[in-house]
There are 2 protein chains.
Amino acid sequence: MVEPERASGAAPPRYGARPTMKDVAARAGVGLKTVSRVVNGEPGVTPDTVQRVQSAIEALGFRRNDSARVLRKGRTASVGLVLEDLADPFYSSLSRAVEEVARDHGSLLFTGSSAEDPEREQELALAFCARRVDGLVIVPASQDHRYLQPEIAAGIAAVFVDRPAEQLEADAVLTDNAGGVREGVTHLIRQGHRRIAFIGDQRRIHTAGERLRGYRETMADAGLPVDESWVSMGPTAAERVQAEVTRMLQGPEPVTAVFAGNNRVSVTALRVLVNQPRPVALVGFDDFELADLLSPAVTVVAQDPARLGRTAAQLLFRRLEGETGPPQRLELSGRLIVRGSGEVAG
Amino acid sequence: MVEPERASGAAPPRYGARPTMKDVAARAGVGLKTVSRVVNGEPGVTPDTVQRVQSAIEALGFRRNDSARVLRKGRTASVGLVLEDLADPFYSSLSRAVEEVARDHGSLLFTGSSAEDPEREQELALAFCARRVDGLVIVPASQDHRYLQPEIAAGIAAVFVDRPAEQLEADAVLTDNAGGVREGVTHLIRQGHRRIAFIGDQRRIHTAGERLRGYRETMADAGLPVDESWVSMGPTAAERVQAEVTRMLQGPEPVTAVFAGNNRVSVTALRVLVNQPRPVALVGFDDFELADLLSPAVTVVAQDPARLGRTAAQLLFRRLEGETGPPQRLELSGRLIVRGSGEVAG
DNA sequence: GCCTTTGCTGACAACGTTGTCCAGCCCTAG
DNA sequence: CTAGGGCTGGACAACGTTGTCAGCAAAGGC
């Protein structure tokens, strides 16, 4: 492939075509600073002059270059959001909530999905920092956030959401994962289940570990043994989950209930369970759309992703407004929603 | 030289104390431009010097200020995405696809939801322009996009997706809405339905209008009269849709099938239909998760939001790379997925 | 009538980076 | 020994904006 010659002829689209305040000033016959004043609605300009400047702006199609403004002012009025997967309904609700709060504070939002890849998380977060976002909201994928230390020291606020930062003291807004699972598993035990499966996400993910802990503790507290073949942690790809559920339903002593560690697991598990000859109970972590319309309707431990996002973003902006104090850790509780699938007799 | 001890948390973060290339240069004992060269991996620096500069960067926690870079270079390596509602699964899949393409081209992504409000769309798009994004992907909410004319003239590329621009010649990537509805309605007619309802979004939304057109044309082509009480266009708030569906199922000659104009309508309509004494057929525009697990499973005309997003973003980057030529209009076709709910006898 | 105040305006530097250009330096060839 | 060339490194301007400060009228006070 041949590089287009730069020095000579064929130039890419011309950006010099953009009028600047200088151009506006020239056309309006005023000084540069006066244009700046008009554009920013600063006082101290005669109505007549304002009028002239505004016509010039209109005529030239001028729009202030916020990059230059940012450079001069220091604050960028933008925040970055790093999450796992924007296409996951859980995170898209969370994003939307963050976006809304940012908008209320006059900020724009950069978004990026880490795809659960630590390197990608870091790459995104640092790229946002290089753009000098005022703050970051992060759903962490990595195990070590020390790379953010210099950024935070330089004044970029960071709030972690859904999962805490690791190796770094930082604000975090979380759901009480273990507590939520405890509610769900207790519910299953009350229905008479004793052989309860737990299918979760990869162990290294904080929420997955916490949920597993909730499961083990609840079982132990109830005096129920846990056969290790009932526990499966790993990627939530449909094939794996499907295979695991299927496996657990075989043999002489199959599980009679499944606790699904997140919304993706619930959905995949469901697809297997509907084809079973005898009913198997299911309780899932995370609510999802239409859970109530399935038959049986799916009992879940619901998180409130919008509330997580909103709370995190609000905390971020409080920090940006100067709130000091040690890193906070807010924990929202989950809520058991009984719909039928968890009430199948054990 | 003794490093100031950072690790022990003794040092209070000094805000605004961000090191610049100048600081790095001073510390490394080299010139400013040499630091720039190292940071950008430009050739012509001795390995020894590179090493010195890199240690200084590390020690100071320097990160290049991309705002300044942007100002100097003209291109920002960022694009803006304006859509209707990030929390809607349709748009979140679309976003994710756009994000992925942007990433492949080394660009960051600004996102914003218009909430179907024309003013908000404009506000967002222009704010992105002020940040000098290289390009925009827009799901329009407004009826008049002339406000983008100066921006486009100044070199910002714009691609519309899902709905075309209005009052403006611009690239657009759409689904063949009328064609998709035609398939769905034809399917219902083949099942023997004569009284088919159409419930859609607000008329001013292009896709809603196109889908309605598809419905009317198909009915007309089949020689079936359309009673205006079977058609309802308006906001897709659950209450309204619920009321309309309920209304259409009453009276001496209730509809026997419902065509739902988008995924939100489908879901709401479903909630009403499951409670009906006699089965009512349903076909919806847009696929949605779990549609296949409901009973009956829901027959839909599926769009491919990820493909829409990907196609639009790819077109955008081709434009940014200099592809000229008149505005393109790409139309992807919808796909009827037969699952059961549309096969209820009429 | 002169001096002060007030209100409006513009010149200029600075933000942090990159592009241009030139000055050294070392090496080799004549 | 000198001229020329290749490398390396640095001084300086420029990107478009905003903050500072000074200039300059008109208005007001004595």
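Throughout, protein chains are lettered first and strands after them, A, B, ... in sequence-line order, and every chain is numbered starting at 1.
With no hydrogens or angles considered, no side-chain donor-acceptor pair links B:His206 and B:Glu166 at under 3.5 Å.
Which of D:dT8, C:dT18, D:dT17 sits closest to the side chain of B:Thr46 comes down to D:dT8. The side chain of B:Leu71 approaches D:dG16 more closely than any other nucleotide in the set C:dG19, D:dG16, D:dT17. Of the candidates C:dT17, C:dG10, C:dG19, C:dT17 carries the atom nearest the B:Ala68 side chain, counting heavy atoms from C-beta on. Of all nucleotides listed (D:dG10, C:dG10, C:dT17), C:dG10 comes nearest to the side chain of A:Val30. Distance from the side chain of A:Thr49 is smallest for C:dT9 among the nucleotides C:dT9, C:dT17, D:dG10. Of the candidates D:dG19, C:dT17, D:dG16, the closest approach to any side-chain atom of A:Lys73 belongs to D:dG19. Listed candidates were D:dT17, C:dT17, D:dG9. Nearest to the side chain of B:Thr34 is D:dG9.
Counted within 6.0 Å of CD on A:Glu58, heavy atoms from surrounding residues, nucleotides or ligands total 12 or fewer; the atom is thus considered open.
Rounding to whole angstrom units, NZ of residue A:Lys22 and C1' of C:dA11 are separated by 13 Å. In this structure, the CG atom of B:Asp48 is 12 Å from the P atom of D:dT8, given to the nearest Å. As a whole-Å value, the separation of B:Arg131 CZ from D:dC15 P is 22 Å. Between A:Met21 atom CE and D:dA14 atom P there is a gap of 20 Å when expressed in whole angstrom units. The CG-P distance, from A:Asn40 to D:dG16, rounds to 17 Å in whole Å. B:Lys33 has its NZ atom 18 Å from the P atom of C:dA23, to the nearest Å. Taking atom CG of B:Asp23 as the reference point, atom P of C:dC15 lies 11 Å away to the nearest angstrom.
A donor-acceptor contact under 3.5 Å is not formed by the side chain of B:Arg132 with the base of D:dG16. Counting atom types as modelled, B:Arg37 pairs a side-chain N or O with a base atom of D:dG9 as donor and acceptor under 3.5 Å.
Put simply, the residue from A:Arg63, A:Arg64, A:Arg69 that forms a side chain to side chain contact (heavy atoms under 4.5 Å, CB included) with A:Val39 is A:Arg64.
Nucleic acid contact class of A:Val70 (heavy atoms, under 4.0 Å, all strands): none.
Taking only side-chain nitrogens and oxygens, A:Ser36 never comes nearer than 4.0 Å to OP1 or OP2 of D:dT17. Of the side-chain N and O atoms in B:Arg72, none sit less than 4.0 angstrom from OP1 or OP2 of D:dG16.
For the pair A:Glu100 and A:Arg310, the salt-bridge criterion is not met [side-chain N within less than 4.0 Å of a carboxylate O].
Judged by distance alone, the side chain of A:Arg27 and the main-chain N or O of A:Ile57 form no donor-acceptor pair under 3.5 Å.
When each of B:Gly31 and A:Leu32 is assigned the nucleotide of DNA chain D with its nearest heavy atom, B:Gly31 is the one assigned upstream, toward the 5' end.
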